[in-house]
*Asks:* 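If you scroll down you'll find the structure; I have some questions about it.
Naming: A, B, ... by sequence-line order, numbering from 1 per chain.
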Amino acid sequence: MSSFPMNERQTVIVHVAVPLPLDAPFSYRVPAPLAPAAAVGRRLLVPFGRRKVTGYVLEVVDDDGRELRDVLEFLDDGPLFTPSELALYRWASSYYLHPLGEVIKAALPAGINVQSRRGRGLEEDELTGGRSVKTERVYRAVAGVPETAPPPGKAWVLLAHLTERGQESAPELRRLFGECSVQLRRLRELGFVEMAEREIYRDPFRMETVGHDCPLVLNGRQTAALVRLRTALDAGRFTPFLLRGVTGSGKTEVYLQAIAHCLEQGRSALVLVPEIALTPQLVSRFRRRFRCGVAVLHSGLSDGERFDEWRRIRRGEAAIVIGARSAIFAPLAELGMIVVDEEHEGSYKQGEGFRYNARDMALVRGKMAGACVVLGTATPQVTTWHAVAGGKLECLDLPERVNGLPLPSAEIIDVRGARGSILHARLAAEVEENLARGEQTLLFLNRRGFSTWLTCEECGHVLRCPNCQVTLTYHQGRNRHICHYCDYAVPAPSLCPGCGCGRIIHLGLGTEQVEAYVREHFPHARVDRMDRDTTARRGGHARILRKVAERQTDILIGTQMVAKGHDFPGITLVGILSVESTLNIPDYRSAERTFQLVTQLIGRAGRGDDPGRVLIQSLNPDHYALAHAVAGDMDGFYGAELAFRQETGYPPFAHLAALCLSGTAASAVERTSELLAARLRELRRDGGGRVEILGPAPAPLAKLRGRFRRQILLKAADRTTLHRLVRRVRESFQPPAGVRLQVDMDPVDLM
DNA sequence: AGCCTTCACGCC
DNA sequence: GCGTGAAGGCTA
């Protein structure tokens with residue numbers, strides 16, 4: 001820290017993080033005229049080799065006369081982050097082993113960063129041309145009558161409107177009168193109207209919020225949870241909770257009332273949701289409940305909208321932020337409470353670039369801010385449950401549904417030996433019966449499209465993505481074969497592309513095919529489908545949900561999407577068509593995921609006083625994840641799963657890290673992974689200790705989105721050892737040009 | 001020779 | 001990440 005306030009003539013030195021894959025900060029001299037602007041959190045422009053790059057001030061220190069290059073310019077009006085936010089960035093950078101500059105860049109709203117422009121001779125405007133304040137044009141009628149008469153026609157209508165209203169914005173005029181810039185320009189030239197620029201916020205939620213939502217009366221368990229949260233908030237210390245509540249147990253109301261208490265204390269609140277695009281109801285409920293500003297941050301916003309929401313938060317105009325994972329960096333001051341809703345969701349993890357987990361960071365940020373952190377879910381992660389058992393988290397239970405209904409009955413249908421039928425006779429009969437009673441059915445399959453792959457019965461040719469090497473999924477609606485990783489698509493062939501014969505067959509069931517099957521077998525039913533293909537357009541979710549709510553849909557077919565967050569109040573029968581597609585994903589958490597999915601789907605059933613039924617078609621009817629989910633036996637499942645994890649050495653009994661290599665040249669990635677593995681073994685030998693090195697596997701390289709990838713998985717009993725090894729390898733191993741090394745700490749996705 | 005691609009290096 | 005400059009290879 002330097003001495004403030006400083007003499008204006010004095011120069012200072014700033015330590016700067018640049019958003020590049022470099023670990024060390026760089027120092028620059030701030031020339032005297034710029035010195036007053038030097039402060040932690042400021043964005044600036046510095047010379048970097050032959051380039052100019054943006055950087056972030058980490059520290060301001062006294063000039064010690066070292067030979068340094070000069071800062072070129074400070075950007076923005078003031079700092080973009082506070083020292084306490086910097087502390088969070090530093091923690092993330094060191095924990096996730098990712099360069100600080102890139103962490104800061106990821107934490108700040110997209111669009112404010114101006115990346116380097118090549119070479120010399122660049123214009124000043126170019127550099128400051130990043131996303132900034134948005135303005136709109138406002139037209140105003142000029143008082144007093146100019147000498148000429150106003151032009152007739154559209155211009156006259158515009159002038160009359162402006163005279164009546166006093167002033168109007170350009171977009172509004174365009175909305176009312178159509179394209180009218182020519183006329184406006186003419187009116188300005190003639191002196192009838194004048195124009196001004198006005199600073200505006202882009203409003204990401206156009207939906208008007210009507211009415212006011214009042215706190216609901218809580219049941220006994222909700223009250224107990226709320227009382228506990230209030231006590232913790234009053235204590236003003238970091239306190240982490242698991243709020244475990246079955247679907248429909250009223251978790252949201254507990255959040256709302258706890259947050260109300262937090263706001264009364266003058267503190268702010270952050271609510272993380274797995275995918276905000278899917279939860280507009282939640283946002284509107286918050287907006288109706290709280291009159292203070294509610295800001296929204298998620299990837300669906302344009303850069304400009306996001307920047308505006310970020311500025312509102314920074315200026316203290318919004319005390320509540322609802323957002324997806326990146327909102328963990330929302331610039332809220334005086335943070336009192338962080339809610340992580342559906343904490344078990346995998347989407348809290350960022351899987352590319354700066355690989356962080358917002359659910360984990362919520363605990364860290366909460367600790368730094370002295371806030372309460374509430375992890376809410378019906379089906380906690382196994383690791384979360386283990387933390388509860390170890391006394392690290394306090395568990396608040398909401399075991400009852402608000403409506404008092406018992407949970408639906410669930411049953412497994414053994415489909416072994418009944419290959420080929422999409423709906424087992426048993427399930428088909430139940431659907432028929434449910435239709436006859438005028439009740440609604442949900443059929444779940446975790447795979448969109450018509451069929452997963454196309455093959456030739458003559459030559460065995462299979463259609464694959466040239467970028468990703470995965471099979472192309474056939475989409476009947478578009479009559480194309482599409483890659484689900486990179487969206488590569490080819491028109492559906494009628495003859496085998498390998499041998500030209502006509503004997504091509506579709507294998508692997510998808511929701512489109514289920515829909516076709518259901519329409520054929522239940523011709524009188526009103527059928528709808530909800531997956532990424534039918535909800536791609538804006539408002540797609542709402543349309544399907546409304547039809548279900550208004551009982552215009554008898555049978556809804558859906559993917560993952562239907563299990564997450566949405567309420568389907570009328571569904572009395574749920575059919576899970578092939579639980580194997582989740583159970584057999586090559587990931588050590590597949591059993592956990594299956595248990596969570598089935599439990600969540602069971603929670604979706606029931607209407608009025610009918611608790612509903614759930615039928616699960618399975619080839620593994622005795623699997624423990626299914627058995628415990630069907631029995632509603634949480635403790636049984638967690639017990640079994642923890643035993644399995646302990647036996648196999650997976651979290652929470654071991655820590656994992658993956659070193660991910662990627663590049664466009666297969667041979668370079670291959671060679672680098674061998675070198676990296678050798679270096680790892682070397683490091684482990686001299687003092688690394690008990691870290692298990694898995695890989696590189698002698699398998700073909702995985703190829704995704706045109707990049708070849710390989711990862712080396714590391715397992716260790718304690719995190720410190722693992723961290724030390726990864727840190728050392730990253731310091732001493734420079735991947736060759738064209739290959740990128742990224743670290744993925746702890747919650748690892750196996751490929 | 002001239003020109004192009006490949007690769008190790010360093011950036012305050 | 002990206003610009004640099006040295007090294008090797010191909011055409012004339």
*Asks:* Between C:dG1 atom P and A:K105 atom NZ, what is the distance in whole Å?
*Replies:*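 Distance check: A:K105 NZ to C:dG1 P gives 10 Å.
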
*Asks:* Rounded off to whole Å, could you give me the CD-to-P distance for the A:E59 and B:dC12 pair?
*Replies:*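 Distance check: A:E59 CD to B:dC12 P gives 19 Å.
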
*Asks:* Expressed in angstrom and rounded to an integer, what is the separation of A:L100 atom CG from C:dG1 atom C1'?
*Replies:*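 One finds 16 Å between C1' of C:dG1 and CG of A:L100, rounded.
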
*Asks:* Specify the separation, in whole Å, of atom CG of A:L72 and atom P of B:dC12.
*Replies:*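 After rounding, the reported distance stands at 11 Å.
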
*Asks:* Using atom names, set out every protein N or O paired with an N or O of nucleotides 9-11 of chain B below 3.5 Å, distance rounded to 0.1 Å.
*Replies:*
{"from": "B:dC11", "atom 1": "O3'", "to": "A:G49", "atom 2": "N", "distance (Å)": "3.4"}

*Asks:* According to ring pair (Phe, Tyr, Trp, His ring centres under 6.0 Å), does anything in residues 15-53 of chain A pair up with another residue at least two apart or in another chain? List the pairs.
*Replies:*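 Counting only pairs at least two positions apart or across chains, the ring pair (Phe, Tyr, Trp, His ring centres under 6.0 Å) contacts touching residues 15-53 of chain A are A:F26-A:F48.
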
*Asks:* Listing request: all salt bridge (Lys or Arg N to Asp or Glu O under 4.0 Å) pairs with a residue in residues 30-39 of chain A, at least two apart in sequence or in separate chains.
*Replies:*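 Listed by first then second residue: nothing to list.
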
*Asks:* What I want to check is whether the side chains of A:R719 and A:H723 have a donor and an acceptor closer together than 3.5 Å.
*Replies:*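 Checked: A:R719/A:H723 side chains show no N/O donor-acceptor pair below 3.5 Å.
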
*Asks:* Show each protein N/O and nucleotides 5-7 of chain C N/O combination with a separation under 3.5 Å, one pair to a line.
*Replies:*
none

*Asks:* So, using side chain to side chain donor-acceptor pair (under 3.5 Å) as the criterion, who are the partners of A:R29 when residues are at least two apart?
*Replies:*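 A:D70.
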
*Asks:* Classify the ring geometry of A:F81 against A:Y56: parallel below 30°, tilted from 30° to 60°, perpendicular beyond 60°.
*Replies:*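 A:F81 vs A:Y56 ring planes: tilted.
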
*Asks:* Under 3.5 Å, is there a donor-acceptor pair between the A:R359 and A:T384 side chains?
*Replies:*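 The criterion, which ignores hydrogens and geometry beyond distance, is satisfied for A:T384 and A:R359.
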
*Asks:* Figure out the CZ/C1' separation between A:R740 and C:dC2, and round it to whole Å.
*Replies:*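 Result: 13 Å.
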
*Asks:* So that I know where these two stand, are A:F354 and A:Y89 an aromatic pair - ring centroids less than 6.0 Å apart?
*Replies:*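 No, the ring centres sit 6.0 Å or more apart.
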
*Asks:* I'd like to check the side chain to side chain donor-acceptor pair (under 3.5 Å) partners of A:R480; sequence neighbours left out, ordered by chain and number.
*Replies:*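 Counting only residues at least two positions away or on another chain, A:R480 forms no side chain to side chain donor-acceptor pair (under 3.5 Å).
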
